[in-house]
Amino acid sequence: MTEAAFAAEPSRLLIAAAAGIVLLLLLIIKFKLHPVLSLLISAMVIGLGAGMPVPTLVSTVEKGAGETLQGIVLLIGLGSLFGGILEVSGGAQCVAQTLVNKFGEKKAGIALGITGLVVGTTVFFEAGVVILIPLAFGLARKTKKSTLYYVIPLLAGLATGFAFIPPSAGSVLVANMLNVDLGVMIAVGVPVGILALIFAGILWSKFIGSRINTGLPLNIQEVREEEEANLPAFSTVLCIILVPLVLILCSTLSAYIPGIDAVRPVLEFLGTPFVALVIAVLAAMYFLGKRQGYDGEQLKKIMDRSLRPTGQILLVITGGGIIRWVLQDCGMGDIIGPALEKSGLPLVLVAFLIAALIRASVGAAVVAMTMAAGIMAAMPGVAGLSPVYLAAMVCAINGGATAFSHVNDSGFWLVSSLLEIDEKTTLKSWTMMETIIGFTGLICAIVISLFA
């Protein structure tokens with residue numbers, strides 16, 4: 001645990017922290033202030049309210065920004081580049097179309113869920129929705145079923161991929177903050193993600209799709225035959241998507257395989273997350289770019305465009321990280337740690353509850369992930385837990401940060417607008433799906449922690 005830079009008086013710190021969180025909610029929800037500004041203002045209110053000297057507060061803010069971005073900025077940037085090429089080349093659409101053809105229309109929901117799960121590990125949620133949702137609408141048109149029957153598995157796959165399976169930004173962010181090896185995180189996150197997809201995507205879509213018949217949006221762009229004919233090969237896209245996962249796993253497993261001392265350093269280097277993603281991006285540039293007819297100038301424009309949303313994402317992550325470091329440097333871990341230990345609650349449950357409360361209050365999943373991970377990382381004894389237990393804690397945090405999406409979450413409105421459904425229907429379908437994902441993550445985390 002990091003040594004507190006300033007020992008605040010406990011009651012004053014708790015009051016300051018509560019006031020800062022309430023202010024954060026008011027600024028974002030009521031006054032519609034941008035989350036980045038809201039987070040910075042709240043961090044300063046917490047620090048000053050706790051009595052932290054101004055020079056120490058300034059130092060903590062700067063340190064918090066650097067420490068938060070240190071392990072995530074390259075991965076998010078490289079993931080954006082990879083996702084941009086996957087989007088423009090039609091790679092994501094290719095995976096979806098192939099799986100649907102393989103499973104058939106009756107099991108198309110399963111195919112869409114698997115597609116979302118695979119694509120969600122490399123593409124931001126919003127990008128994945130925009131790329132793949134036309135296919136779901138096309139299937140709804142063919143079968144005359146509710147759009148929820150096909151859209152919910154797709155959304156669940158994207159959400160679970162983002163939350164639980166590296167190299168997605170959500171899973172990597174929290175794993176990095178808790179010092180979890182990404183190979184271990186993949187080994188734990190994949191089964192958790194699959195179970196979450198089954199419950200929240202496949203089973204829930206059948207239930208809600210049979211009870212609420214949502215029609216097609218007014219303006220739907222169909223996937224044209226000539227576009228499908230120009231898609232890259234399924235095997236090529238799948239291999240490229242699996243490149244970073246396989247390299248990271250090989251790096252982790254190399255530590256446990258005897259007799260490979262000569263190649264272990266090479267595997268460790270290639271399995272370094274940012275190196276693995278660099279290799280994946282280069283492979284995508286060639287096989288999904290050059291081989292698909294894109295020249296160097298076109299690829300540059302594609303990647304420039306893909307990086308545009310990352311600035312805001314990184315700043316929001318940084319803002320949440322700054323609050324984490326202000327709380328940590330004031331000694332919040334020394335206050336809540338003993339209290340939580342006395343409560344007798346499992347640490348994974350505590351982690352879930354903290355993330356879920358922040359998620360329900362603020363709406364931003366990344367903020368909930370960052371703040372909850374920061375609080376848990378500051379607790380005494382957490383650093384000494386086993387790697388598998390910490391990976392389970394990541395699942396609990398990201399499960400809590402996924403659950404309870406409602407009107408203060410941009411994802412809520414994205415889904416509502418794309419499907420052209422009202423808020424009540426969105427709450428019944430989308431919010432419930434997100435909450436099922438969250439609780440599946442919690443239950444799996446508790447079970448895994450019992451054997452860690």
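Every heavy atom of this structure was used, including side-chain atoms; hydrogens, water molecules and symmetry mates were not. Starting from 1, each residue takes its place in the sequence as its number.
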Trainee: Verify salt bridge (charged side-chain N to carboxylate O under 4.0 Å, His left out) between K428 and E423, making sure each step is shown before the conclusion.
Mentor: CA-CA 9 Å; K428 289 181 178 179; E423 289 79 10; over 6 Å; no
Trainee: Could you verify whether a donor N or O on one side chain and an acceptor N or O on the other, from T214 and S146, lie under 3.5 Å apart?
Mentor: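 A donor-acceptor contact under 3.5 Å links the two side chains.
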Trainee: Below 4.5 Å, heavy atoms only, C-beta onward: do N179 and L390 meet side chain to side chain?
Mentor: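 Counting from C-beta outward, N179 and L390 never come under 4.5 Å.
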Trainee: Distance-only, no hydrogens or angles: does the R291 side chain make a donor-acceptor pair with backbone N or O of Y286 under 3.5 Å?
Mentor: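 Looks like no, no N/O pair under 3.5 Å.
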Trainee: How about CZ on F274, more than 12 heavy atoms from neighbouring residues, nucleotides or ligands closer than 6.0 Å, or not?
Mentor: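 Atom CZ in F274 is not crowded, with 12 or fewer foreign heavy atoms closer than 6.0 Å.
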Trainee: Say you draw a straight line from CG of L182 to CG of N176; how long is it, rounded to the nearest 0.5 Å?
Mentor: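 Between L182 CG and N176 CG, I get 8.0 Å after rounding to 0.5 Å.
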Trainee: Counting C-beta onward and ignoring hydrogens, is there a side-chain heavy-atom pair between V192 and T440 closer than 4.5 Å?
Mentor: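 V192 vs T440: side chains apart.
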Trainee: Can you confirm whether or not the ring centre of F352 sits under 6.0 Å from the ring centre of F439?
Mentor: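 Close enough - the centres of the two rings lie under 6.0 Å apart.
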Trainee: Compare all side-chain heavy atoms of M285 with those of M303 and state whether any distance is below 4.5 angstrom.
Mentor: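 SC-SC contact between M285 and M303 confirmed.
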Trainee: With distance as the sole test, does R359 use its side chain to make a donor-acceptor pair with the main-chain N or O of T402 at under 3.5 Å?
Mentor: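 At least one qualifying donor-acceptor pair exists.
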Trainee: Between T160 (side chain) and A196 (backbone), is there a donor-acceptor pair under 3.5 Å?
Mentor: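 No, T160 side chain to A196 backbone: no donor-acceptor pair under 3.5 Å.
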Trainee: Under a 3.5 Å cutoff, is there a donor and acceptor pairing between the side chains of S254 and S251?
Mentor: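 Their side chains do not contain a donor-acceptor pair, so the 3.5 Å distance test is not met.
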Trainee: Less than 4.5 Å apart, side chain to side chain, heavy atoms only: is that true for M393 and L347?
Mentor: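 M393 vs L347: side chains touch.
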Trainee: In chain order, what residues pass the salt bridge (Lys or Arg N to Asp or Glu O under 4.0 Å) check against D422, with sequence neighbours excluded?
Mentor: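 With neighbours one apart ignored, the set is empty.
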Trainee: Are L75 and P273 close enough that some pair of their side-chain heavy atoms sits under 4.5 Å apart?
Mentor: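 Yes - at least one pair of side-chain heavy atoms lies under 4.5 Å apart.
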Trainee: With the side chain counted from C-beta on, respond yes when C94 and T98 share a heavy-atom pair under 4.5 Å apart, and no when they do not.
Mentor: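 They are in side-chain contact.
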Trainee: For T431, is there any backbone N or O sitting under 3.5 Å from a side-chain donor or acceptor partner on H406?
Mentor: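 Absent.
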Trainee: My understanding is that only one of T435, V415, T425 makes a side chain to side chain contact (heavy atoms under 4.5 Å, CB included) with W430; could you say which?
Mentor: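 Running side chain to side chain contact (heavy atoms under 4.5 Å, CB included) over T435, V415, T425 with W430 returns exactly one hit, V415.
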Trainee: Using only atom types and a distance under 3.5 Å, with no angle test, would you say the side chain of S168 pairs donor to acceptor with the backbone of T121?
Mentor: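 Checking the backbone N and O of T121 against the side chain of S168, no donor-acceptor pair under 3.5 Å is found.
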Trainee: Side chain of W204, backbone of S429: donor and acceptor closer than 3.5 Å?
Mentor: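 Confirmed, W204 side chain pairs with S429 backbone.
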Trainee: Do the numbers put K145 on top of the ring of Y149, so that NZ or CZ is under 6.0 Å from the six-membered ring centre and no more than 45° off the axis?
Mentor: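 Yes - K145 lies over the ring of Y149, closer than 6.0 Å to its centre and within 45° of its axis.
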Trainee: With a 4.5 Å heavy-atom cut-off, do L117 and I165 have their side chains touching?
Mentor: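 In short, these two side chains touch, coming nearer than 4.5 Å.
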Trainee: Counting neighbours of OH on Y389 that are heavy atoms of other residues, nucleotides or ligands and sit closer than 6.0 Å, is the number greater than 12?
Mentor: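 Correct, the count exceeds 12.
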Trainee: Is the side chain of S416 donor-acceptor paired with the backbone N or O of F412 at a distance under 3.5 Å, no angle test?
Mentor: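 Answer holds: no.
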